[in-house]
2 protein chains.
Amino acid sequence: MPTIKEVSEHAGVSQATVSRVMNGTAKVVEETRVKVLNAMKELGYRPNAHAQSLASNRSNSIGLLISEFDGPFYGALMAGAEEIFRKHKKRILISAGHGDEKLEKEAVEFLLGCRCDALVLHAETLSDEYLIEQANQGTHVILINRNIAEMEGQCLYIDNEQGSFMATEYLIEKGHKNIAYIAGPQWKHDARERFWGYQKALGKHNISLQLGLVEEGNFRESGGYQAASKLLDSGHKFTAVVCGNDQTAYGAISAIEERGLKVPDDISIVGFDDLPYSSLIKPKLTTVHFPIRQIAAEAARRILQDVYKEKNTHTFNSCVQASMVERNSVKSIT
Amino acid sequence: MPTIKEVSEHAGVSQATVSRVMNGTAKVVEETRVKVLNAMKELGYRPNAHAQSLASNRSNSIGLLISEFDGPFYGALMAGAEEIFRKHKKRILISAGHGDEKLEKEAVEFLLGCRCDALVLHAETLSDEYLIEQANQGTHVILINRNIAEMEGQCLYIDNEQGSFMATEYLIEKGHKNIAYIAGPQWKHDARERFWGYQKALGKHNISLQLGLVEEGNFRESGGYQAASKLLDSGHKFTAVVCGNDQTAYGAISAIEERGLKVPDDISIVGFDDLPYSSLIKPKLTTVHFPIRQIAAEAARRILQDVYKEKNTHTFNSCVQASMVERNSVKSIT
DNA sequence: TTGTAAGCGTTATCAC
DNA sequence: GTGATAACGCTTACAA
């Protein structure tokens with residue numbers, strides 16, 4: 001692989017000049033510019049990104065921490081950020097933490113080792129302290145889906161509690177009183193926040209929480225399926241289920257239908273996230289919209305603005321309100 | 001951010017020694033080793049990956065070219081490769097081509113600029129020549145879903161034609177004679193291969209291709225929906241539809257049901273890909289299984305073996321046979 | 001406008 | 001075992 005030196009010799013100029021035409025950092029006479037360009041073509045020259053980063057102290061890349069590479073949620077997160085960055089010639093480096101503390105830390109260390117110009121983190125297991133430390137250490141960090149007081153202005157999240165509150169209240173307004181809840185793993189703060197929103201909504205309407213109507217899932221179909229099965233087989237009566245997220249809802253629906261019951265005729269369901277498939281399944285899922293793609297795009301815009309000093313616009317609040325998407329999985333029983 | 005120099009001074013040793021304890025490339029007395037380790041901890045040292053790559057001519061990273069960051073297919077591709085690489089301390093660099101020739105080329109150039117030790121490409125628009133050139137230029141390349149004669153041994157793909165043939169024949173065996181086809185974009189070779197498999201199956205059973213029963217979609221729901229709508233509104237009679245992929249099938253099902261018809265009672269449907277959601281929708285989709293995750297994992301294993309000289313095992317053939325997954329979207333009409 | 005040369009933070013080859 | 005020191009391929013003052 002040819003180097004800048006070979007190009008410079010081939011073109012009969014100095015390395016500095018080659019660098020200049022590559023980066024447009026200084027005026028170069030058209031004639032020499034062409035010579036250099038030709039030399040680059042002929043040799044099939046490709047600048048070594050590592051050498052560039054090392055010399056310029058800029059990597060032009062942004063680190064992205066996610067939990068998994070598959071799954072619609074993270075897909076939207078990656079796509080939303082990439083779309084914005086791509087338009088500004090910035091690259092993303094993606095690393096997955098797999099919901100494991102050790103792996104998540106390794107992933108961040110990797111991104112830091114790559115000297116990313118900024119980090120967008122969807123951290124599930126990393127402690128507040130760790131995150132604060134990184135931010136204080138000079139790296140520009142944006143946290144997705146977390147709210148740490150000490151990092152105000154660097155957090156982008158939705159109001160999980162409010163979303164869940166809204167979903168629950170929505171069912172109550174439709175006449176439901178016995179409303180079950182299938183929670184996400186309670187070590188996840190968003191799962192806790194969502195569960196809390198459910199409780200608050202019940203409280204507001206003077207409905208007392210029935211422990212028999214609450215199960216913990218895993219935020220995936222399997223957990224939703226199992227939790228709903230337990231609920232159904234327990235004999236407790238309920239007419240609706242609030243699910244910690246859409247995937248949980250999918251599983252719950254399967255369990256319900258497997259028992260010959262119908263959604264929403266026998267049991268109403270609401271989800272949370274509004275994944276792409278939620279509008280494709282039957283019945284179309286009534287759920288809480290989580291604008292993750294937009295949030296990711298917003299994170300990108302902020303970085304473009306703050307780190308790369310591009311004068312963008314469009315910055316919204318840190319905390320985004322969730323909104324209800326009414327579809328066909330809830331029946332009014334008033 | 002501290003450098004190796006600062007660490008060495010802090011520990012009272014040379015840079016070389018620090019490098020040695022980092023990489024374990026040579027024996028270091030336990031006592032000095034501890035000193036160095038402590039110095040690293042105290043300073044919060046993180047090796048600069050760019051400097052490492054530059055000096056060692058190894059990036060320990062593998063470039064991955066995909067079309068999109070979202071979507072179940074690419075999600076599985078990324079996840080399959082990452083899982084294997086992660087276990088061997090290798091990192092992946094992902095770049096998306098968005099099905100656009102210019103962007104796809106840029107994406108590859110980026111990966112090459114990062115001096116990836118190897119490339120795993122799911123290239124949609126890049127020409128055979130371009131790919132061959134890269135491979136000849138020294139970079140270790142594996143092509144997913146393509147079969148270029150000059151690059152035998154570096155291609156990993158499934159037999160699209162056979163898969164589609166099987167799906168079509170499956171319907172024929174179930175008694176269907178008027179079988180429509182919703183193709184993928186015909187500029188994509190896999191879409192063409194799949195279409196060809198359909199034609200061959202019809203031919204084998206002496207059913208002539210009816211042009212009125214073929215529509216071109218876009219490999220997404222929208223295209224499936226529109227194509228199926230056209231088909232249904234055209235007045236041509238058919239009892240089954242072979243879809244270019246599962247997403248197309250989802251769209252087709254929507255269109256069919258929107259007209260008050262039932263799948264599979266009125267019209268049978270088969271897909272291709274076997275996406276995760278195909279077993280969740282109703283009716284569960286009968287489709288051709290495309291083991292993309294395994295293929296990606298296999299690509300990773302080969303690279304581990306060929307580039308990093310790790311002695312692995314498990315390498316299968318370049319061409320993987322597709323297999324039928326029988327579910328509930330096909331009705332026997334014999 | 002162009003060239004020279006000193007870094008950038010590592011690894012790797014020598015000596016010692 | 002450990003320490004100098006020359007690469008690695010580029011950017012960027014500083015000169016010319």
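First the proteins, then the strands, lettered A, B, ... as listed; each starts at 1. The figures that follow rest on heavy atoms only: side chains count, while hydrogens, waters and symmetry mates do not.
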Inset, instruction - Figure out the CG/C1' separation between B:N57 and C:dG9, and round it to whole Å. - result: 16 Å
Inset, instruction - Look at B:D128 together with B:R146 and state whether they make a salt bridge at an N to O cut-off of under 4.0 Å. - result: yes
Legend entry - Rounded distance [0.5 Å steps], CD in B:Q154 versus CD in B:E152: 10.0 Å
Inset, instruction - Rounded off to whole Å, could you give me the CE-to-P distance for the B:M22 and D:dT2 pair? - result: 17 Å
Inset, instruction - Mind checking A:V18 for me? I need base, sugar-phosphate or nothing, with any heavy atom below 4.0 Å counting as a touch. - result: nothing
Legend entry - Residue whose nearest DNA chain D nucleotide is more 5′ - B:R20 or A:Q15: B:R20
Inset, instruction - Please check if any side-chain donor atom of B:T125 sits under 3.5 Å from a side-chain acceptor atom of B:E104, or the reverse. - result: yes
Inset, instruction - Side chain of A:T3 only, please: which of C:dT11, D:dG9, D:dT12 is the nearest? - result: D:dG9
Inset, instruction - Show your working on side-chain contact (heavy atoms from CB on, under 4.5 Å) between A:Y308 and A:I62 and close with a plain yes or no. - result: CA-CA 11 Å; A:Y308 297 110; A:I62 296 89; 3.7 Å; yes
Legend entry - Side-chain N,O (A:T17) to OP1/OP2 (C:dG3) below 4.0 Å: yes
Legend entry - B:R293/B:E83 salt bridge by N-O under 4.0 Å criterion: yes
Legend entry - Rounded distance (Å) that lies between atom C1' of D:dC10 and atom CZ of A:R115: 17 Å
Legend entry - Side-chain N or O of B:S56 closer than 4.0 Å to phosphate OP1/OP2 of C:dT10: no
Legend entry - Whether A:H50 and B:H50 hold their rings parallel, tilted or perpendicular, with breakpoints at 30° and 60°: tilted
Inset, instruction - To the nearest Å, give me how far apart CD (B:E9) and P (C:dT10) are. - result: 13 Å
Inset, instruction - Go through residues 25-55 of chain B and report each residue with a non-hydrogen atom lying under 4.0 Å from DNA chain D, sorted by number. - result: B:K27, B:V28, B:V29, B:T32, B:L54, B:A55
Legend entry - Rounded distance (Å) that lies between atom C1' of D:dG3 and atom CD1 of B:I4: 13 Å
Inset, instruction - Decide, yes or no, whether a salt bridge links B:K35 with B:E31 under the criterion of side-chain N to carboxylate O below 4.0 Å. - result: no
Inset, instruction - Report yes if at least one side-chain N or O of A:S14 is closer than 4.0 Å to OP1 or OP2 of C:dT2; otherwise report no. - result: no
Inset, instruction - Whole angstrom is fine here: how far is it from CG in B:N60 over to P in C:dT10? - result: 15 Å
Inset, instruction - For B:K5 and D:dG3, give me the distance from atom NZ to atom C1', rounded to whole Å. - result: 15 Å
